[in-house]
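Read through the structure below, which is laid out as structure tokens, and then see the notes.
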Amino acid sequence: MSSSACATAGWVAARARVRDDRTDRPPRLTLDVDIGVRLGTLDLDARLDVKPGELVAILGPNGAGKSTVLRCIAGLLAVDRGYVRVDDEPVDDPAAEIFVPAERRSIGVVFQDFLLFETMSALENVAFGLRARGTDKRAARRIAGQWLARVGLDAYADDHPRNLSGGQAQRVALARALAIEPRVLLLDEPLAALDAGTRSTVRRDLRRHFQSFDGMRLLVTHDPVDAYALADRVVVLEAGRIIQTGTLADVTAHPRSRYVADLVGLNLIAGTLTDRTLTTPNGGVVVVADHAEDGPAFATIRPNAVALHRHQPEGSARNVWHLTVADIDQYADRARVTLAGTLAVTSEITAAALVDLDIRLGENVWASVKATDIIAYAV
Amino acid sequence: MNFTAPHRTAPHRMNERRIGRGRLPVPALGLAVVAIAFFALPFVGLLWRAPWADTWNVLSEPAVRTALRLSIICSLWATGLSLLFGVPLAWLLARVDFPGRGIVRALCTLSMVLPPVVGGVALFFALGRRGLFGQYLDRWFGIQLPFSTTAVVIAQTFVAMPFLVLTVEAALRQLDRRYDAAARTLGASRWYAFRRVTLPAVRSALIAGAVLAWARALGEFGATITFAGNFPGTTRTIPLSTYLALQSEPQDALILSLLLIAVSFGVLVGLRDRWLGGGPGAGAG
């Protein structure tokens with residue numbers, strides 16, 4: 001690695017430059033990444049940016065490559081192609097032979113299961129980064145104590161991580177990451193390791209602590225509730241690709257992947273729109289009332305807009321499909337019936353209707369949807 | 001009937017006894033008892049014949065005191081050298097994936113299973129005055145290792161270090177490497193992370209490995225007598241004195257043997273939780 005020495009020099013120069021810039025004009029301070037990595041079966045190719053003060057959530061299923069994005073930004077993994085730029089300065093750029101190792105990036109990470117050092121007290125954990133960066137012991141402990149106080153844990157300074165609750169451990173991990181005053185804060189599934197009971201409290205606490213940090217924050221989660229509660233903007237990552245980006249409201253109103261549609265409980269149908277008729281690759285036909293541009297498009301249907309019938313219905317519904325019952329899921333007084341065939345749609349009906357219709361697995365039923373209940377939008 | 005959650009203490013044990021778990025078939029139990037007797041009887045014999053009244057006199061003989069002092073100094077040196085070189089070696093074997101790692105590990109722990117005399121012979125031909133490397137030590141630096149106290153330390157380190165290496169390597173393997181990653185994101189260099197995060201995490205394995213290596217060094221006989229010889233004051237350690245005493249003053253040999261047994265037994269009992277996996281805390285450290 002002959003490039004690391006020159007990369008270091010570049011990094012030092014870059015820091016100096018940034019400091020100078022601050023006095024003249026505010027530089028464009030963002031986290032800007034374009035990550036191309038192949039890792040086992042994962043083929044990651046993702047571009048995203050985070051502005052100062054912004055909290056972006058990467059939302060996606062397990063194995064989508066979310067944590068790999070964080071590892072690349074943190075410097076624990078080098079990108080094969082692309083770049084990672086913090087405050088306009090590259091910290092990883094294979095084309096320019098730049099790679100700044102993790103310990104010289106200004107990036108704080110809160111890991112999924114916090115990874116607090118078991119052999120140290122809470123205070124020593126928080127002081128660790130300062131000590132590693134050369135702060136003397138007394139100053140490091142004093143600053144660490146202030147951070148613990150900020151997250152409300154000054155009374156636990158001498159406790160070891162095993163004596164802390166999950167929520168407390170997370171706050172220590174957050175204090176530890178913030179104590180080095182990073183430009184970027186990365187959080188990997190910050191709530192996944194907590195039990196359901198404490199999650200909402202911790203989520204509220206996190207939100208409060210985030211507000212005191214003015215850097216760029218990037219959060220990885222598979223839980224849309226976290227994204228909703230914490231993030232300004234959502235990036236949906238699936239199978240190594242960014243499918244969608246925007247506010248959570250935008251993303252859920254117009255899902256572009258089955259993953260997001262499932263998250264919000266909508267049926268998502270992809271196909272080609274021609275004159276208000278959407279044709280799927282399987283030959284399914286959906287008539288929409290919405291005006292959308294012709295070409296590749298999505299249609300979403302709320303499950304409770306899908307009516308089921310034993311016999312072919314006669315009426316005003318423009319869409320009538322003959323489909324097979326693939327799954328029935330009953331809860332309380334509602335039932336979700338998953339249908340397969342030329343189209344895959346889920347219908348939500350009352351439990352009473354399920355009994356009346358006498359619907360069973362593997363049988364064929366008729367489903368109908370009014371064109372006005374279908375929302376279509378271009379891909 | 002009690003179907004509540006099993007306790008770690010009495011109720012659980014009682015249940016185990018009731019359902020007969022842990023009970024051996026009678027023939028196996030008989031053989032196991034014979035095995036225990038096989039290990040216990042020699043020590044019973046020693047304790048029986050030990051001239052307890054003479055113990056203090058024997059231990060305060062000048063020759064014995066000299067041997068004892070030499071043994072302690074050399075074994076502590078060997079332990080120190082084992083730590084200095086063994087910990088980085090364990091780290092290399094545990095963390096760095098290089099071709100031939102299995103061979104290297106076998107080579108570095110060979111002396112555990114090798115007859116110590118063979119180890120001594122090998123050291124002699126490598127580091128002796130006419131040895132492959134020894135001849136240059138002599139010619140260029142005027143250093144002659146064999147039959148010196150340094151040779152005792154080298155022989156002891158040679159047989160003792162593998163105990164430390166294997167113990168520490170196993171502990172390093174079990175560590176979650178993500179803690180390293182966490183340390184690095186906080187600004188720790190690899191060395192700082194190793195010192196402040198990794199080493200403290202394997203502290204109990206370090207202690208266990210060092211104590212085992214020390215006990216092995218203290219009892220070293222074969223490699224020492226072959227490579228370092230048997231000179232009072234410079235290379236005659238307690239095990240060598242014991243062997244020598246057996247021919248002239250068997251009473252002294254008995255007492256010295258008991259001393260070595262007491263030390264070894266103390267080490268094993270002291271480490272049972274940490275290393276030998278017998279105690280209630282097995283696997284937790």
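Predicted model, so just to flag it, every value in this text is computed and none were measured. Lettering follows sequence order; numbering is per chain, from 1.
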Residue set satisfying side-chain hydrogen bond (donor to acceptor under 3.5 Å, both in side chains) with D34(A), at least two apart, ordered chain then number -> R81(A)
Contacting region of L186(A) [heavy-atom separation from chain B under 4.5 Å]: neither
Which bit of I180(A) is near chain B, if near means a heavy-atom gap under 4.5 Å: side chain, backbone, both or neither? side chain
Using only distance (under 3.5 Å, no hydrogens or angles), which donor-acceptor pairs connect chain B and chain A?
from	atom 1	to	atom 2	distance (Å)
E103(A)	N	R184(B)	O	3.3
E103(A)	OE1	R184(B)	NE	2.9
E103(A)	OE1	R184(B)	NH2	2.9
D113(A)	OD1	R178(B)	NH1	3.2
D113(A)	OD1	R178(B)	NH2	3.3
D113(A)	OD2	R178(B)	NH2	3.2
R133(A)	NE	L186(B)	O	3.0

Ranked by heavy-atom pairs below 4.5 Å to chain B, first place among G129(A), A173(A), G75(A), P182(A) goes to G129(A)
Does F117(A), at its CZ atom, have more than 12 non-hydrogen atoms belonging to other residues, nucleotides or ligands within less than 6.0 Å? yes
Within a reach of under 6.0 Å around CZ of F39(B), are more than 12 heavy atoms found that belong to other residues, nucleotides or ligands? no
Indicate the atoms forming the closest heavy-atom contact of A188(B) with F128(A), along with that distance. CB-CE2, 3.7 Å
Please say whether more than 12 non-hydrogen atoms of neighbouring residues, nucleotides or ligands are located less than 6.0 Å from CZ in F85(B). no
